[in-house]
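In what follows, a single structure is set out as C-alpha cells and then discussed.
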Amino acid sequence: MLDLTSLSVPLLQWWDEHKVDLPWRRGRDPYAIWIAEVMLQQTQISTVIPYYERWLAQFPTVEHLAAASLSEVLKQWEGLGYYSRARNLHAAAQTIVATYSGQLPQTAAELQKLKGIGPYTAGAIASIAFQQPVPIVDGNITRVLTRLADIPDDISQSQTQKGIWHLAGTLVPLVRPGDYNQALMELGQKICLPAMPRCAVCPAAALCQARANGTQLERPVRPRRPGLPHYHVAAGVIWRDDGRFLIAQRPLNGLLGGLWEFPGGKQEPGETLPQTLKREISEELGIVIKVAQPITMIKHAYTHFRITLHTFHAHYQSGQIQHLGVADHAWVTFADLARYPFAVTDQKIIAALVEQSRPKPL
DNA sequence: AATTCGGGGGA
DNA sequence: TCCCCAGAATT
C-alpha cells in the first residue's frame with residue numbers, strides 16, 4: 001500500500017518558498033477568511049480579488065454585513081455568479097450576530113450548520129482560521145489526490161468522493177493544518193495542472209503513483225457532459241409615456257434569484273420573438289404591451305444551457321401590474337439603475353441602450 | 001444520486 | 001468549443 005504520510009513535509013517546504021501573496025492571507029480575521037472561502041467556491045482567484053477588496057471595504061465586520069439590506073449585498077456580488085452564495089452569507093451573518101455573539105464557531109461541525117457553509121468551507125475556515133486539523137477537498141485537491149494515489153474511479157460518484165475525503169483526512173498534519181491545506185490546493189493550481197502537470201518541479205513527484213504509472217493525464221476520471229440546450233429569449237425595455245421604463249426583480253430563489261432584469265422569457269415553438277415578449281410580459285406582470293424595434297442580441301452560456309437574448313423596445317399599453325412571476329418591479333430612469341443589482345446579460349443591455357442614446361458622430 | 005445554481009479564463 | 005474553477009442546496 002502506498003505511503004503518503006510524509007507528504008506534508010516536502011509540501012510545506014515547497015509552499016513556504018513559493019506561496020503567493022493573496023489579500024485573504026494577510027490577516028487572521030475569521031470573518032475575512034469566511035468571505036474569501038465563499039467567494040472562491042467554483043470561482044477563480046483572479047476573479048475574486050477585486051470583489052473581496054470591495055466587500056471588506058463595504059462590510060468590514062460580520063455586524064456590518066448583518067445590518068445591510070439584501071439589495072446592498074447583491075449589488076456587491078453583482079457579476080460574480082451563484083447568487084445564493086450572497087443571500088446565504090447575508091443570512092448566516094445575521095445568525096452569527098444573533099446566536100453566536102458575532103463570533104464564528106471554531107469547529108467544522110458547528111460551522112457547517114450555517115447557511116452556505118458545506119464540508120469544504122467548514123474545513124477551510126476551521127483549519128485556516130482556527131488551526132483545527134481537519135481535511136478539505138476542492139477541485140484542486142481532488143486532482144492532486146487522485147493522481148498521488150492513482151485513483152481510477154469516477155469522481156462524480158459519491159462513493160469515490162467519500163474515499164477522497166477519507167484519504168485527505170489521513171494526510172492532514174497536526175502542525176500547520178491550515179497551511180498544509182492551502183499548500184495542497186496551491187500545488188494543484190500551480191504544479192499539478194489539469195492538462196499539463198509540471199511533474200519535473202513537483203515536490204510530491206516521488207510519492208506520485210500516477211506519475212509512476214504514466215496516468216497523470218487520465219486523472220481524475222470524470223463523466224462526459226452532454227451537449228447544452230440552446231434557448232432564444234426575448235426581453236423588453238418597456239417605456240411609459242413619462243419617459244420611465246420598467247425593470248423587474250426575479251424571484252428570490254432559482255436562477256439569478258433576487259437580481260433585476262428587463263422582463264421577458266423563453267421563446268416557444270412556433271412563436272415570433274415579439275409574440276414571445278408580449279406573452280411573457282402578460283404572464284409575469286399582467287400588462288399588455290406593444291413591441292417596437294429591436295435593440296441588441298446577446299449570446300450567453302450558463303452552466304447547463306446557452307441562450308441568445310433578443311432585446312426590444314416596447315410601450316406600455318394597458319393593465320395593472322401584478323407580481324405573477326416576479327418578486328418586484330420599478331419604473332426607472334437611467335440614473336436609477338446604479339442602485340439595482342443586474343445579471344451580466346442585462347448589464348450588456350444597459351450598455352447597448354446607453355450607446356444607442358448617445359448622439360452619433362457624422 | 002442527480003440536478004441546479006454564473007461567469008470568466010485558458011487551451 | 002470545451003474544460004475548469006478554494007462547492008452548496010435541493011430534489
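Convention: sequence-line order gives letters A, B, ...; per-chain numbering from 1.
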Whole Å only: how far is the CG atom of A:D346 from the C1' atom of B:dG6? 13 Å

For A:Y83 and B:dT4, what is the distance between atoms OH and C1' respectively, to the nearest whole Å? 16 Å

Using 4.0 Å as the upper bound for N to carboxylate O, is an ion pair formed by A:R219 and A:D150? yes

Side chains of A:Q131 and A:R176, donor plus acceptor under 3.5 Å: no

Please answer whether the main-chain N or O of A:Q41 pairs with a side-chain N or O of A:R85 as donor and acceptor at a distance below 3.5 Å. yes

Which dot-bracket string fits DNA chain B when only Watson-Crick or G-U wobble pairs with both atom distances under 3.5 Å count, crossing pairs get [ ], and | stands for a partner on a different strand? |||||.|||||

Distance check needed: B:dG6 P versus A:L228 CG, whole Å only. 15 Å

When rounded to the nearest 0.5 angstrom, what distance separates CH2 in A:W239 from CG in A:L246? 11.5 Å

Rounded to whole Å, NE2 of A:H300 lies from C1' of B:dC5 at a distance of 12 Å

Taking side chain to side chain contact (heavy atoms under 4.5 Å, CB included) as the criterion, tell me which of A:R143, A:Q42, A:E37, A:M185 meets it with A:D138. A:M185

Which sits closer to the 5' end of DNA chain B, A:L255 or A:A195, going by the nucleotide each is nearest to? A:L255

Atom-pair distance (CG on A:N253; P on B:dC5), nearest Å: 10 Å

Considering only the C1' atoms, how many Å lie between C:dC3 and B:dG6, rounded to the nearest integer? 16 Å

CZ of A:R306 versus P of C:dT1: gap in Å, rounded? 7 Å

How do A:H304 and A:V344 order along DNA chain B: which one's closest nucleotide is nearer the 5' end? A:H304

Assess A:K19 against A:W15: is NZ or CZ under 6.0 Å from the centre of the six-membered ring, and within 45 degrees of the ring's axis? yes

Say you pick atom P in B:dG8 and the same atom in C:dA8; how far apart are they, in whole Å? 22 Å

For A:D21 and A:R26: C-alpha separation, side-chain torsions, deciding distance, then whether salt bridge (charged side-chain N to carboxylate O under 4.0 Å, His left out) applies. CA-CA 8 Å; A:D21 177 40; A:R26 290 170 193 163; 3.1 Å; yes

Taken to the nearest whole Å, CG/A:L193 to C1'/B:dA11 is 12 Å

Positive for ring pair (Phe, Tyr, Trp, His ring centres under 6.0 Å) with A:W24, one of A:Y52, A:Y31, A:W55: A:Y52

What's the gap between B:dC5 and C:dC5 when it is taken at their C1' atoms, as a whole Å value? 15 Å

For A:M196 and B:dA11, what is the distance between atoms CE and C1' respectively, to the nearest whole Å? 8 Å

Does the Lys NZ or Arg CZ of A:R244 fall within the cation-pi geometry relative to A:W331 - under 6.0 Å from the ring centre and within 45° of the axis? no

Reading 5' to 3' through nucleotides 3-11 of chain C, protein heavy-atom contacts under 4.0 Å coded B for base, S for sugar-phosphate only, - for none: -BBBBSS--

